Every structure is written in C-alpha cells, then in structure tokens.
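Right, one structure below, let's go through it.
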Amino acid sequence: MSVLPIPADSITVEEALQRVLDATPVLTPVHVSLAEAGGLVLAEAVIANEDLPPFPASTMDGYAVIAADGAGWRELIGEQMAGYMAGLTVRPGTVARITTGSPLPDGADAVVMVERTAEGNGRVEIQQASIKVGENIRPIGVDMARGQKVLNAGTVIGPGEMGLLASLGIAEPLVHPRPRVAVLSTGDELVEPWETPKPGQIRDANRYALGVALAEMRLPTARSTIAPDEKEATRTTLLDALAVADVLITSGGVSMGQLDLVKGLLDELAKVHFGRLFMKPGKPLHFATTTDETLIFGLPGNPVSALVGFEIFVRPALLKLAGHRQPVRPRVTVEITHAITPGDRPEFQRAVVSQSPNGHLLATTTGAQASSRLASMVGANALLALPARREPFEAGEKVQAIMTGPLVG
Ligand code: AMP
Ligand code: MG
C-alpha cells in the first residue's frame, strides 16, 4: 500500500494531538459537595478512615445464636433490628431475632436464617444441625478496613465510587473542577435557528451542535455568541469570552478567505501551536493558548469539520483539564462492510458500528461524507480513521475506528 506524503506546511493528527495535550494544563483541585461530584475526577487518593461495616452485622433475617448450641428449641430473649443497639446478650440455650444489617448481639457468634427455624410461644426451633462460627455475619471492616486505600487519585466518580465516598463520610471530596467553556460562531451569514435567513444567510448550526457535544461531557456552556466578520467586533467578542473560559471554541474564520479573521486574531492574541492539518475534514483547524493557559480551538466553519475537530482535539483537552488520566479514546479494529474511496489526506469518516453474531465489529459509513453534510453525523457511533492512500478500501478490510457512542445491536 502506498501511503501518501504529508505536505510541508501541515502536521499529522497525532503530532497535533500531542501538541494540544502538551499545552493543556490540569485544573487546580477544589473541594466540592457530593451532590456536585458525580463524573468529576478525584485529585487525591481516598483512604478509609473507618471500618465498614463498623460493627459485626447480620447478612440474613433470622436468629442470632451460639454456633456450638446446634439444633433444638431455644428461648427467645428479644430482637435486634437495624439502626440501634438493643443491649441483648445471647447465652447458651437462648437466641435473639435479628434482621439483615443489624448489629450482632453480645454473646452470639452466628446467625441462622429464618428459613431454617420455627417460632412459637416465645421459643424458637433451630433446624440447622451444623452451624459455623461466623456464619451469616459480616465482620467489622470486611468491606473496607480502616487505613485501606479504597480509591486512587485520578478515579472518575461514578455510581460505585460515589457510594464509597458517601459510606466513608467524605462529604466534600477533592476533585478537579469542570473546565469553563465558551463557544463562539463567526460569520456575517449566520442567524439564529428561530430566525428566517435573508438571501445569502444561513442558520447557525455549530453553537447548538457543540453545545450538545459539551453537554454529553456534562459541561455547561459558559458563554455562547455569534461574532460578525468584522475585526474589532470579533476581537472584543474573543476577549470577552476568554475572560470567562478555560477553553474557547470558535468555529469559522480560520480558512484562507479574506474575511477569515479569527486566524489573524489568534496570531495577535495568543500563541498558535498549529493551523493546518493533514486531515479530512478539518484541514484549517487552529489551536492556540494565551499567556494564562486558556486554550483556544479555532474549528473550521463547516459543521461536520467542527464536530470532528471537537471529537479529535477538543474533547481530549477538556478531559485532561478535568483531571482524566486517559483523555484519548482508544481505537478499535472494525471491518468495513463496503468499499470506500480513499482520500489524499487521512480521513475521519462517520460510520455506524455494530457487532455481528460471531462477535466482529462491522462498520458501515453514513453516506456522502461532505464536511457540510450534517446528515453524515446522524446515527453515527464511530469515526473511521482511514489513512491517506491510493488503493481503495475493500469490503471486509479492517480499519481503525474511534467509538464515539455505544455499539448498535
Ligand atoms: P468558514 O470556515 O468561516 O469559511 O466557513 C466554512 C463554511 O461553513 C461556510 O459555508 C460557512 O457558511 C459555514 N459555516 C460557518 N459557520 C457556521 C455555523 N456556525 N453554522 C453553520 N454553518 C457554518
Ligand atoms: Mg466564515
């Protein structure tokens, strides 16, 4: 296979992503309440400061017994339910009723489940002949022992992690905050979706599309504006957005046109790390940083280019800012179900990936792949990462893919 050469003025996606990640800081940790902590990344390890359970607890509804007593009729001395200490002491020949999660009464060393008993006239028949010491009891600290490391720094707080923090009474964990993101569309042609475009105008798709890409990452949009193709107005809008954001995402205005003003303004206001990629769609994608480490992504205006650029470069940067240790999605190998015409640049084609009955991942692209055609994003759960080459990709050929959504059944 002949792999096509990279033009001298462009850099590869891999090199560009490396530059983005190298220039992206990790946000300084803060304490937040548990209500706000879901999905955030722990900035320090969590050591259990208590034993869990904090008392020997029954795992069954039944009777607390002395194991050595074995089977037979016993005197019932009372009951121990969850949430308090009944102050009972089980002596040879006696038992106490107990429920799941309740503390084991003094003297008892096992619990017999209610299914293996009968009760009547203040007495209980234990029908289980052989009872092991410790049976149906969770000893102190069996789930988490005091001093044990239970979560590493860098762990994402999902449901299980959240439950652990709550169990341990860590009400304000130390986490990396969510980055603040501003989104800016540029272009004299743009009007809002509820407006009727005049001749020559179109509706702004990118702010709304990018808003959802951010929302899928649980990131609110701190600011969202349209800037006209006028230099001073765009400068003001850029500066205003930079003041409230850790990341500014612009779309449009980075190509070679006379009114592609963002390009020039990035040179004036920030340090540009790259502005031309060996990539399709998204060749003119710009990345810059300000002196206070605010990141600026100048995405191309075409809606598909903007969304693909977001996926490949902005998303990893946002994840790194938020403390994620693995901000780049792993690539998987998929089998294409049809031939694909190759391009002269490495291309990210939108595709639907499903699992075949024998466990293969099968990819079918979403039709015409023009960078203006948003319909090529619809229903896609993957980007195929196709190298630039002359030979067509053949049906059944294996290629790399980035899963952007759940597998289709
Ligand atoms: P530009 O990168 O500014 O040259 O824009 C490239 C193409 O994308 C042009 O056809 C623009 O009209 C279109 N475009 C730019 N911004 C948007 C937007 N926010 N929503 C929809 N289309 C856009
Ligand atoms: Mg434009």
Side-chain angles (χ1 to χ4, degrees), residues 9-10 13 16 181-216 219 221-238 240-241 245 247-270 272 274-288 296-315 343 345 347-348 350 366 368-378 380:
D9 60 351
S10 296
V13 169
V181 188
V183 180
L184 181 63
S185 287
T186 67
D188 276 340
E189 71 275 36
L190 302 178
V191 299
E192 292 286 3
W194 52 88
E195 293 177 325
T196 306
K198 298 197 183 80
Q201 294 184 325
I202 58 168
R203 297 192 184 89
D204 177 6
N206 292 350
R207 270 159 63 238
Y208 295 90
L210 291 167
V212 173
L214 292 168
E216 284 182 347
L219 297 174
T221 307
R223 174 160 306 188
S224 176
T225 5
I226 300 182
D229 285 327
E230 197 277 307
K231 190 162 183 184
E232 286 319 304
T234 304
R235 183 202 305 274
T236 307
T237 316
L238 281 175
D240 286 352
V247 178
L248 168 59
I249 306 170
T250 68
S251 67
V254 288
S255 314
M256 306 303 270
Q258 212 168 0
L259 286 177
D260 284 328
L261 301 168
V262 174
K263 199 177 160 68
L265 283 166
L266 290 184
D267 275 323
E268 286 177 31
L269 301 173
V272 177
F274 57 82
R276 205 166 165 83
L277 297 179
F278 188 47
M279 165 178 172
K280 187 184 174 181
K283 182 163 69 174
L285 193 149
H286 278 58
F287 172 64
I296 311 176
F297 293 91
L299 304 179
N302 267 315
V304 175
S305 310
L307 287 174
V308 171
F310 180 92
E311 168 61 37
I312 302 295
F313 301 108
V314 187
R315 187 175 189 281
R345 278 174 279 154
E347 185 171 3
F348 291 102
R350 285 72 69 202
T366 51
Q369 298 283 317
S371 61
S372 55
R373 185 174 171 262
L374 271 173
S376 69
M377 298 288 304
V378 174

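Both ligands and their constituent atoms are indexed starting at 1 by order of listing. No experiment lies behind these values; they were computed from the predicted model shown.
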Any ion pair linking Glu268 and Lys231 (charged N to carboxylate O, less than 4.0 Å)?
yes
Numbered in order shown, the ligand 1 atoms found under 4.0 Å of a heavy atom of Asp260 are 3 (O), 4 (O)
Could you tell me which non-hydrogen atom of Ala370 sits nearest to which non-hydrogen atom of Ser376, and how far apart they are?
O-OG, 4.2 Å
For ligand 1, which atoms sit closer than 4.0 Å to a heavy atom of Ser185?
19 (N)
Are Leu190 and Ile202 close enough that some pair of their side-chain heavy atoms sits under 4.5 Å apart?
yes
Of all protein heavy atoms, the one nearest atom 22 (N) of ligand 1 is Ile202 CD1, 3.5 Å
If you define the side chain from C-beta out and look only at heavy atoms, does anything of Phe297 sit under 4.5 Å from Leu210?
no
Protein residue, atom and distance nearest to atom 3 (O) of ligand 1, heavy-atom basis:
Gly253 N, 3.0 Å
Protein heavy atom at shortest distance from atom 18 (C) of ligand 1
Asn206 ND2, 3.3 Å
Shortest protein heavy-atom distance from atom 20 (N) of ligand 1, along with the residue and atom involved
Ala205 N, 3.0 Å
Does Gly257 have a non-hydrogen atom less than 4.0 Å from ligand 1?
no
Do me a favour and list the nearest non-hydrogen protein atom to atom 9 (C) of ligand 1 with residue, atom name and distance?
Glu189 OE2, 4.2 Å
The closest protein heavy-atom partner of atom 19 (N) of ligand 1 is Asp204 OD1, 2.7 Å
According to side-chain hydrogen bond (donor to acceptor under 3.5 Å, both in side chains), does anything in residues 247-266 pair up with another residue at least two apart or in another chain? List the pairs.
Asn206-Ser251
Residue, atom and distance of the protein heavy atom nearest atom 23 (C) of ligand 1 read Gly301 O, 3.3 Å
So Tyr208 and Trp194, would you call those rings parallel, tilted or perpendicular, with 30° and 60° as cut-offs?
perpendicular
Does ligand 1 have any atom that is closer than 4.0 Å to a heavy atom of Ser255?
yes
For atom 7 (C) of ligand 1, which protein heavy atom lies nearest, and how many Å away is it?
Asn302 OD1, 3.6 Å
Does the side chain of Val13 reach to within under 4.5 Å of the side chain of Ile312, using non-hydrogen atoms?
yes
Residue pairs, two or more places apart or on separate chains, that pass salt bridge (Lys or Arg N to Asp or Glu O under 4.0 Å) and touch residues 194-206
Asp204-Arg207
